[in-house]
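See below for the structure under consideration.
Note: hydrogens, waters and symmetry copies are ignored here, and every other heavy atom, side chains too, is used. None of the values given here were measured: they were computed from a predicted structure. Each chain gets a letter, A, B and so on, in the order its sequence line appears, and its residues count up from 1.
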Number of protein chains: 2
Amino acid sequence: MEDSGARMIATFRQRIVESHVSASTRGKEPARQARRKQQRVPSAASLSRRLRNSERKRAVILEAALETFSKYGIHGASIEQIALQADVSKTNLFYYFTNKEELYVSVLRNLLDLWLKPLRAFTEDQDPIEAIRDYLRVKLEFSRDHPAESRLFCMEVMQGAPLMLTELQQPLHDLVENKIAVIQTWIDQGKLSAVEPYHLIFSLWATTQHYADFRVQIEAVAGKTLDDPAFFTETLKSLETIILNGVSPR
Amino acid sequence: MEDSGARMIATFRQRIVESHVSASTRGKEPARQARRKQQRVPSAASLSRRLRNSERKRAVILEAALETFSKYGIHGASIEQIALQADVSKTNLFYYFTNKEELYVSVLRNLLDLWLKPLRAFTEDQDPIEAIRDYLRVKLEFSRDHPAESRLFCMEVMQGAPLMLTELQQPLHDLVENKIAVIQTWIDQGKLSAVEPYHLIFSLWATTQHYADFRVQIEAVAGKTLDDPAFFTETLKSLETIILNGVSPR
DNA sequence: ACGCTTTCAGACCAAACGGTCTGCTTTAGA
DNA sequence: TCTAAAGCAGACCGTTTGGTCTGAAAGCGT
């Protein structure tokens with residue numbers, strides 16, 4: 001009981017590895033064994049149709065899981081709730097995902113790719129002001145269009161990212177390290193005021209994600225959300241004013 | 001099942017009201033009834049001693065609850081885990097708090113006061129740049145010294161603040177409205193560049209809290225946390241550069 | 001049409017967990 | 001010292017929930 005947290009993390013790690021393999025080969029796996037008696041090779045057409053169906057259903061479940069996990073947290077969301085939302089039976093859900101953790105991790109994995117993508121666009125040959133402006137816009141659009149993803153990511157990181165830590169540490173660290181260098185170059189060239197690159201990136205993340213993660217607070221205070229187009233542009237403009245002014249060389 | 005979320009919220013609301021009364025009168029309540037037979041009026045000294053003990057124990061439990069809730073979320077944290085951490089029995093915990101929700105709400109209530117306090121300091125007669133600089137520092141100190149509070153607050157808001165919403169909406173809205181006016185005055189006086197006050201406040205919140213809420217991410221990327229004094233001052237300086245420059249009139 | 005595989009549902013199970021009940025111990029007024 | 005109330009613990013209970021078992025339909029190659 002006392003180390004249930006640590007034990008759970010260990011379990012999760014293990015499951016991540018397993019799911020890496022099993023997820024991609026699911027449905028074909030039993031075929032490898034128990035050949036011998038009969039060479040039943042399905043036609044390419046039917047196979048791909050089946051796979052498409054299977055993948056579609058997986059996607060539906062993942063979507064429902066994302067929605068539900070992001071609302072109630074991993075422990076607050078029950079499998080039955082997710083199954084209901086995805087309009088499948090609980091048993092059926094367990095047919096596609098071996099357990100809750102694998103489902104959760106699958107959701108997270110999709111997330112991380114999506115979350116990291118915008119930062120990759122940062123390249124040295126861009127004008128820094130434009131690059132940052134673009135980044136703000138893309139990230140704010142992400143907050144508007146994928147609030148569930150944003151919240152779930154936030155939740156996971158906040159709880160110590162027990163599942164993503166390994167996946168987060170290396171790739172994220174490398175990517176950021178890379179972008180830090182880009183920003184530093186800009187600074188050295190006098191295109192950006194002297195600000196610690198780390199914190200610039202953190203500020204960009206923080207300010208844009210805030211509008212998704214603290215949505216209800218923002219709604220309580222301002223009475224609007226990013227779904228309101230006017231509020232969206234107003235927000236973007238304000239962030240540009242604050243941050244771009246802040247980092248423009250004087 | 002399908003509306004368990006809504007039902008829970010309703011339950012919570014109700015409990016909030018109850019706990020408002022019962023919490024303050026706890027321990028004295030049975031005395032009101034069943035008088036009549038004997039007037040057993042405890043001395044002021046012993047009463048206060050008892051109360052002190054009682055309050056201390058409550059505080060210990062609240063502290064443990066905060067720590068545990070902020071780590072695992074309300075559903076991920078079990079009462080037994082909290083009791084263990086507070087070094088009391090589960091039964092004993094239920095002696096002080098009628099149920100999990102009341103415990104959780106009590107933690108949140110303490111939180112909100114703490115969280116709101118810094119903003120109250122904003123007054124019109126200050127120099128805006130100094131006021132914002134102070135605010136950044138205080139909020140960053142909060143992130144450093146009360147990371148659990150910060151995270152739990154974030155979690156609660158992210159999940160739609162089912163418990164705090166009523167308490168959040170009115171007071172927060174009023175307070176912010178007030179401070180918006182202060183900032184607008186500064187802008188009108190030309191002491192601050194023309195930026196939508198809402199978003200300035202949001203940016204201040206977002207950037208400072210980020211260091212507590214995304215601590216593990218920051219650690220993964222930068223390898224340091226606010227606990228490192230050098231990193232703390234570096235962070236503060238960077239935020240000042242970015243935001244203060246951004247809002248200073250040119 | 002036959003037979004194997006995939007897909008899926010209902011009944012079921014064991015563990016976890018929030019919460020209660022009973023009763024013992026301590027405190028403190030009389 | 002006696003006694004009522006406060007403080008507290010262990011056993012216990014009902015529900016929820018992640019997950020399994022059994023077996024039946026549907027898909028598909030032959």
- Between CG of B:L84 and C1' of C:dA16 the distance, given in whole Å, is 15 Å
- Task: For A:A83, answer base if it contacts any base atom (sugar-phosphate contacts may also be present), sugar-phosphate if it contacts only those atoms, and nothing otherwise; contact means non-hydrogen atoms under 4.0 Å.
- Result: nothing
- Message: So, OP1 or OP2 of C:dA9: does either fall under 4.0 Å of a side-chain N or O from A:S89?
- Response: yes
- Send over the distance from A:I79 CD1 to C:dC12 P, rounded to a whole Å. 22 Å
- Rounded to the Å, how far apart are B:N92 CG and C:dG23 C1'? 15 Å
- When you check the phosphate oxygens OP1 and OP2 of C:dT7, does a side-chain N or O of A:Y95 lie under 4.0 Å from one of them? yes
- Message: Using the salt bridge (charged side-chain N to carboxylate O under 4.0 Å, His left out) criterion, which residues pair with B:E141? Sequence neighbours excluded.
- Response: B:R137
- When rounded to whole Å, the CD1 to C1' distance for the pair A:I61 and D:dG18 reads 16 Å
- Message: Suppose we screen for side chain to side chain contact (heavy atoms under 4.5 Å, CB included). Which residues come up paired with A:D227, at least two apart in sequence or across chains?
- Response: A:R144, A:R215, A:T225
- Has the side chain of B:K90 got a donor or acceptor atom sitting under 3.5 Å from an opposite partner on the base of C:dG19? yes
- Query: When the distance from CD of A:E80 to P of C:dA11 is rounded to whole Å, what number comes out?
  - Reply: 13 Å
- Calculate the interatomic distance between A:K100 atom NZ and D:dT20 atom P; express it in whole Å. 14 Å
- Query: Any sub-3.5 Å donor-acceptor pair from B:S150's side-chain atoms to B:H146's backbone N or O?
  - Reply: no
- A:F94 side chain: which of C:dG19, D:dG7, D:dT20 is closest? D:dT20
- Message: From C-beta outward on A:T91, which listed nucleotide comes closest to its side chain: C:dC8, C:dG10, D:dA9?
- Response: C:dG10
- Note on the structure: A:K57 atom NZ is separated from C:dC8 atom C1', nearest whole Å, by 7 Å
- Quickly work out the B:F97 CZ to C:dC17 P distance and round it to whole Å. 20 Å
- Query: Less than 6.0 Å separating the ring centroids of B:Y211 and A:H199?
  - Reply: yes
- Message: At less than 4.0 Å, is any side-chain N or O atom of B:Y96 found next to OP1 or OP2 of D:dC8? Yes or no.
- Response: yes
- Message: Between B:S70 (side chain only) and B:E67 (backbone N and O only), is there a donor and an acceptor less than 3.5 Å apart?
- Response: yes
